[in-house]
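One structure is given below, encoded as structure tokens.
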Number of protein chains: 2
Amino acid sequence: MNKEQEILAAALKLFVEFGFHGTPTSKIAKEAGVANGTLFHYFKTKEDLIVGLYNHIKDDLNRHLSETQKEKDSLKDKMKNLYTASLQWGLVHKPEFYFIQQFHFSPHLAKVSPEDIERQTRLHLQLLREGVTGEIFKPFPEQLISSTLGGHVYGVYQYLLNTELTQQKQDEIIGQTFELLWDMLTK
Amino acid sequence: MNKEQEILAAALKLFVEFGFHGTPTSKIAKEAGVANGTLFHYFKTKEDLIVGLYNHIKDDLNRHLSETQKEKDSLKDKMKNLYTASLQWGLVHKPEFYFIQQFHFSPHLAKVSPEDIERQTRLHLQLLREGVTGEIFKPFPEQLISSTLGGHVYGVYQYLLNTELTQQKQDEIIGQTFELLWDMLTK
DNA sequence: TTATAGATTGACTGATCACTCCATAAAATT
DNA sequence: AATTTTATGGAGTGATCAGTCAATCTATAA
């Protein structure tokens, strides 16, 4: 791992544990095994580091989710794969998932550029549009379906996070809750 | 409004806008129109203020939700009233709702005492238990139903927040989404 | 009236923090 | 080989901040 990645990894670990406030850049540098100055060589400011870490994680997640998409799958299968992969990635990458949410409720969110946002939501938006224009979903506004979907994933994630289940039980829950979600949203 | 409440109101406003990190206690005191020392007379530390504000808001919300509950209502009506009141309160108290979420993804969450948590979740838990023991809900773990429910509220809230709807349209969406939720969770 | 306790003030402080700066080293480019 | 660019280090700094403190004010009770 190069120094930039070491810094990102250290920042993630400390931000999740102590919050943005509670984490001085000096501690991040120390945890990463680099000098103070090195951190500011890669990230002009602390805020730059925070936003950079967010984009780094989001792109990583997005790359992973994209890999689950196969052209020839039905919409339902594509969405199920997206749903499943999201939850599984979140369970494997707990600090990353927590950080995303922590970031979403911070003033730093406003610093994410529109291009970054577009790139990070393209995949979801595309599937959603497919379902809306194909009249697969119930006749609700696209935004409402999107929000409901997001909320559902969030809720199920919280459950899976707080109950230690075997991989098999986990997959079972994911499958069942997807069906609930699908039945709720489609005609 | 007495000084303690002025401080809480100022803290809420500034925390939501600038985050915990970006809000010095001196600014809070200034915004509240009190001296620095006065703030620390009412709250021993900044963290005390943050946690105190959270409990203050949560108790406020809880008091409001409790008022919607009538003994003789059916479970469905009780839940619908809780659901509706939650969303409406959140829309009227946007900063408060945002602060709750901001707080949930901060290290300060760990400082809320078990008694406070119990008091703040009693109402929800009670209705949930009623539905589980009465076999109204589908046979899922209580925790899963609870999380799903929370996620659903969260999702619909995000939608209502981001779309400027008339009161009437809003109520319509709330009614419709509750039915979706109810159908999804009950037998 | 006096005594006591709480409320309020704002100047002050010790510690901490984000960030700078310059020296050196390594790598890339000419 | 010479030159430029990039990477790294770490001591240093000015600003800021959470929290203190002693003085004053207010109110209530004895």
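If you're wondering where the values come from, they're calculated on a predicted model, not measured in any experiment. First the proteins, then the strands, lettered A, B, ... as listed; each starts at 1.
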Out of [options], which nucleotide sits closest to the side chain of [X]?
{"X": "B/Lys46", "options": "D/dG9, C/dA7, D/dG19", "answer": "D/dG19"}
{"X": "A/Asn36", "options": "D/dG9, D/dA11, C/dA7", "answer": "D/dA11"}
{"X": "A/Thr25", "options": "D/dG10, D/dA18, C/dA18", "answer": "C/dA18"}
{"X": "A/Pro24", "options": "C/dA18, C/dT9, D/dG19", "answer": "C/dA18"}

Point to revise | Lys/Arg-Asp/Glu bridge criterion (N-O < 4.0 Å) met for A/Lys169, A/Glu172 | key: yes
How many Å lie between [atom1] on [X] and [atom2] on [N], as a whole number?
{"X": "B/Phe43", "N": "D/dT20", "atom1": "CZ", "atom2": "C1'", "result": "18 Å"}
{"X": "A/Lys30", "N": "D/dT8", "atom1": "NZ", "atom2": "C1'", "result": "18 Å"}
{"X": "B/Leu49", "N": "D/dA18", "atom1": "CG", "atom2": "P", "result": "10 Å"}
{"X": "B/Ile28", "N": "C/dT8", "atom1": "CD1", "atom2": "P", "result": "17 Å"}
{"X": "A/Leu39", "N": "C/dT20", "atom1": "CG", "atom2": "P", "result": "12 Å"}
{"X": "A/His108", "N": "C/dA18", "atom1": "NE2", "atom2": "C1'", "result": "13 Å"}
{"X": "B/Phe40", "N": "D/dG19", "atom1": "CZ", "atom2": "P", "result": "5 Å"}
{"X": "B/Glu47", "N": "D/dC17", "atom1": "CD", "atom2": "C1'", "result": "16 Å"}

OP1 or OP2 of [N] less than 4.0 angstrom from a side-chain nitrogen or oxygen of [X], does that happen here?
{"X": "A/Lys3", "N": "D/dG9", "answer": "yes"}
{"X": "B/Thr38", "N": "C/dA7", "answer": "no"}
{"X": "A/Tyr42", "N": "D/dT6", "answer": "no"}
{"X": "A/His41", "N": "D/dA7", "answer": "yes"}

Point to revise | side-chain contact (heavy atoms from CB on, under 4.5 Å) between B/Asn162 and A/Gln143, intermediate numbers included | key: CA-CA 9 Å; B/Asn162 296 318; A/Gln143 291 298 330; over 6 Å; no
Practice item. Using heavy atoms to find the nearest nucleotide of DNA chain C for A/Lys44 and A/Gly22 separately, return the residue whose nucleotide is more 5′. Key: A/Gly22
Point to revise | Close aromatic pair by centroid cut-off 6.0 Å: B/His104 and B/Tyr54 | key: yes
Exercise for review: Verify the ring-centre separation between B/His108 and B/Phe20: is it less than 6.0 angstrom?
Suggested key: yes
Review point. A/Ala35 or A/His21: which one's nearest nucleotide on DNA chain D is closer to the 5' end?
Key: A/Ala35
Check your understanding: Can you check whether A/Ile136 reaches A/Lys187 side chain to side chain, under 4.5 Å on heavy atoms?
Key -> no
